[in-house]
Amino acid sequence: MDSPFRQALAERVIVLDGAMGTSIYERDLDVETDFCGCENCPEALLLRRPDVIEQIHHDFLEAGADAVETDTFGAMKHVLAEFDLQDRCFELSKQATEIARAAADAHSTSDKPRFVIGSLGPGTKLLTLGQQTWDVMLDSYAEAARGIIAGGADAIVLETCQDLLQIKCGINAVLKALDDAGRTPEDLPILVSVTIEQTGSMLVGSSIEAAAAALRDYPITSLGLNCATGPTEMGEYIHFLSRRWDRTISVVPNAGLPALVEGRTEYPLGPRDFAEQMLAFVQRDGVGIVGGCCGTTPEHIRLLAQGVADTTPATRKVTPQAPSCTSTYQPVEYRQDQSFLIVGERCNASGSRKFKRLLEEEDWDGIVSLAREQVRAEGAHVLDVNVDYAGRDNAKDMAEVVSRLVRQVDAPLMIDSTQIATIEAGLKHAPGKCIINSANFEDGDEKFDQICRLAKTYGAGLVIGTIDEDPEAAMARTADRKLSIAERAIERAINVHGLNEHDIFIDPLVLPISTGMDQDRRSALELVEGTRRIAEKHPAVQLICGLSNVSFGLKPVARVVLNSVLLDELTNAGMTSAIVHAGKILPLARIDEAQRLAALNLVYDRRDASVGGTGLPTHDQRPAYAEGVDA
Ligand code: THG
């Protein structure tokens, strides 16, 4: 069931109103009597001067706006708290929405229905910079959203967003408020509008590419830009969205780049130029929502609405972004052209003595350096982060490490823990799109489901290991079991939890090969074969493994050779990603031929051939299923 607002969006370009903030401050209002002493709190006007807000709505509707935004930009509890109004969050949000509703209804006709969009701004605290916690912000946005829903809004916009973590939090808050009210984002759509500064990124540093990649799996109806600059400066980003964002795009610029003139902020773009530049977005980029931010007046909106009525929007041809995770700053595609997705293994308390020591010493800068080294010197695309360590508060450590890495290292994070609380602590601090490592069926469906829900809530990819409840053989040791557990996992993650196939990383599990135990000798070849079968049947899922596990117990030089040779076999079989010590993977050309063949003998469990290089095996000695592997 589509909402009237969504129907309208499907049929025509929607014109929003112009500036609320600058329209208020243009009026000669008194801080004490009109704002109740709350300077810079537009919501405070609702207490004694609702007529001002009503008039502003009326002026924009009269000018031809299809929709007005509520006076709730700062109506979240944590912002109202700065004026000691936090207890009135719901009431003010509802009242503001009712005022907009009444104005919109008064101007609605059957061929021009008018809409009310509940506005939620960024607040005054940045989550990613640690100025507030996820939980407090979630609660705060949810309360304001409840008021907006109760007041009868047609949609909710998270606007002027400066921080992807805040957007993820805000979306979850609105979803919660909708759910509490028995509503859904289908019948009350969520719109997201980010602010790209003149620097070319959001305040926290995210590019528009990162924003689009990190937000695409959320149930939002539109993505676009507002504030900071005029239309011209937004051109490049809107053009990107036009080609790569497969839903509606919104453009809500200021009336040009603000300039400080004699102590006053002035917006240089007049109504005619503003409308002209905006119509170019409709004609060229096929944007579906246009409107004005700071400095735009009813006259700007009048000319815009008139122009839109005579303009045919471009038909867009969208090629969605390749499936990606993101750092705070940039996306990183899951499928790398000339390589596998290299996940650096060294930020792991049980996988690196150095990291463990840094963690014990709480040397956070040292941890940042180790992370940077993997990216800069070793070529890691993504960083695995695992702080599981007996005797420490793992969730606290994860929060600490992640909050530093997301600011200081430009690589997406793989949040690695066996504990749900530790994983969630990491996700609550990461603005970008992470990958969770990992879920499995060892403890049955319930824990698997909990982790899938984390992936949905925080917008993350998910590694799933081929382990199930079977007490005899929990970890799949044969290619058959690897495939069958992988299929159970893929089916459940997609059909029960709505994850994308491309966001699932199946880990067919590498077990150490040379333990001396007979059953372990086949572990690498079962892995290669399992990888091949999973990749063949599910070409869209990602395949990953913790490569270094295979060579536990061997001498360091032997580990480098075995890991590198196995990796080559795996990538040829369809492995797309691996957790590795990136600096210790050698290209095959740099491995001595005898050592390479010895490693292959180990991988394929060719017991008759001597490990070490004499009596080199031929391809004929390889098992049948290794045919076609370019060894
Ligand atoms: N699958 C998934 N995640 C995983 C694993 C996996 N995460 C952890 C692990 N396995 C992958 N990471 C490592 C990290 C380090 C080592 C092995 C696997 C390792 N470290 C050296 C050692 O223990 O000998 C220590 C090196 C040092 O101290 O510097 O081998 O399979 N999904």
Side-chain angles (χ1 to χ4, degrees), residues 8-9 11-27 55-69 103-104 107 109 111-112 114-115 117 119 157 159-160 193 195-198 222 224-242 248-262 264-316:
L9 268 183
E11 287 162 13
R12 59 183 180 275
V13 176
I14 296 295
V15 179
L16 304 188
D17 56 4
M20 171 64 78
T22 47
S23 299
I24 289 175
Y25 290 106
E26 219 150 67
R27 287 169 162 74
Q55 183 67 42
I56 292 171
H57 290 323
H58 170 82
D59 291 350
F60 284 123
L61 288 161
E62 193 275 324
D66 295 299
V68 287
E69 290 195 24
H107 284 81
T109 58
D111 38 296
K112 191 167 165 108
R114 311 292 182 114
F115 300 101
I117 302 186
S119 159
V157 62
E159 61 177 343
T160 326
S193 179
T195 296
I196 302 285
E197 305 290 336
Q198 270 186 279
S222 70
L225 266 63
N226 77 296
C227 210
T229 70
T232 317
E233 294 79 11
M234 291 183 177
E236 183 188 335
Y237 317 116
I238 296 300
H239 195 52
F240 164 79
L241 291 174
S242 173
T248 300
I249 299 166
S250 61
V251 201
V252 183
N254 292 344
L257 265 183
L260 213 57
V261 180
E262 288 167 7
R264 275 186 49 133
T265 309
E266 288 196 355
Y267 295 90
L269 211 53
R272 196 157 298 282
D273 291 338
F274 179 81
E276 192 178 301
Q277 293 178 17
M278 292 297 287
L279 294 177
F281 288 131
V282 177
Q283 273 171 331
R284 188 189 67 188
D285 299 309
V287 304
I289 299 174
V290 294
C293 202
C294 305
T296 56
T297 63
E299 200 50 26
H300 288 81
I301 298 306
R302 188 183 316 279
L303 295 191
L304 178 59
Q306 282 168 5
V308 163
D310 298 330
T311 304
T312 311
T315 310
R316 289 162 56 198

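Model, not experiment: these values are computed from the prediction. The chain is numbered in sequence order, starting from 1.
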Worksheet, complete the sentence: Residues passing the side chain to side chain contact (heavy atoms under 4.5 Å, CB included) test with Thr22, sequence neighbours excluded, are Ala19, Tyr267, Cys294
Practice prompt. Sequence neighbours left out, what passes side chain to side chain donor-acceptor pair (under 3.5 Å) with Glu69? Give chain and number order.
Written response: none
Worksheet item: Going through the checks in order, is the side-chain contact (heavy atoms from CB on, under 4.5 Å) test met by Ile117 and Leu16?
Response: CA-CA 9 Å; Ile117 302 186; Leu16 304 188; 3.6 Å; yes
Worksheet entry | Distance-minimising heavy-atom pair for Gly291 and Pro253 | O-CD, 3.4 Å
Discussion item. Restricting to ring pair (Phe, Tyr, Trp, His ring centres under 6.0 Å), what partner residues turn up for Phe274, sequence neighbours left out?
Written reply: His300
Fill in: Minimum-distance pair of heavy atoms, taken over all atoms of Ile301 and Gly18
CG1-N, 3.5 Å
Discussion item. Run the salt bridge (charged side-chain N to carboxylate O under 4.0 Å, His left out) test against Asp17 and tell me which residues pass, sequence neighbours left out.
Written reply: none
Worksheet item: For Thr160, does its backbone N or O pair with a side-chain atom of Ser193 as donor and acceptor, under 3.5 Å?
Response: no
Fill in: Results of side chain to side chain contact (heavy atoms under 4.5 Å, CB included) for Tyr237 - residues two or more places apart only
Ile196, Ile208, Leu225
Fill in: salt bridge (charged side-chain N to carboxylate O under 4.0 Å, His left out) partners of Arg302, counting only residues at least two apart
Glu62, Glu299
Fill in: Euclidean distance, Leu257 CG relative to Gln198 CD, rounded to 0.5 Å
4.5 Å
Worksheet item: Looking at Val282, Val287, Val308, which one forms a side-chain contact (heavy atoms from CB on, under 4.5 Å) with Pro313?
Response: Val282
Fill in: side chain to side chain donor-acceptor pair (under 3.5 Å) involving Thr232 - partner list, sequence neighbours excluded
Gln277
Worksheet entry | Point-to-point distance, once rounded to the nearest 0.5 Å, from CD1 of Ile249 to CG of Leu241 | 5.0 Å
Item to complete: Kindly state each residue pair satisfying side-chain hydrogen bond (donor to acceptor under 3.5 Å, both in side chains) with at least one member in residues 279-294, sequence neighbours excluded.
Response: His239-Asp285
Item to complete: Just jot down the ring pair (Phe, Tyr, Trp, His ring centres under 6.0 Å) partners of His57, sequence neighbours excluded, or say none.
Response: none
Item to complete: Decide side-chain hydrogen bond (donor to acceptor under 3.5 Å, both in side chains) for Gln55 and Asp59; before the verdict, give the C-alpha distance in whole Å, the side-chain angles of both, and the deciding distance to 0.1 Å.
Response: CA-CA 6 Å; Gln55 183 67 42; Asp59 291 350; 2.9 Å; yes
Item to complete: Take Thr195 and Asn226, measure what side-chain contact (heavy atoms from CB on, under 4.5 Å) needs, and give me the verdict at the end.
Response: CA-CA 5 Å; Thr195 296; Asn226 77 296; 3.9 Å; yes
Discussion item. Can you list everything that forms a side chain to side chain donor-acceptor pair (under 3.5 Å) with Ser119? Sequence neighbours excluded, please.
Written reply: Glu159
Discussion item. Does any part of the side chain of Leu269, heavy atoms only, come nearer than 4.5 Å to the side chain of Pro231, both counted from C-beta?
Written reply: yes
Discussion item. Going by the rule side chain to side chain contact (heavy atoms under 4.5 Å, CB included), which residues pair with Glu266 if we only count those two or more places apart in sequence or in a different chain?
Written reply: Val261
Worksheet, complete the sentence: side chain to side chain contact (heavy atoms under 4.5 Å, CB included) filter on Thr109, not counting sequence neighbours, yields Asp111, Lys112
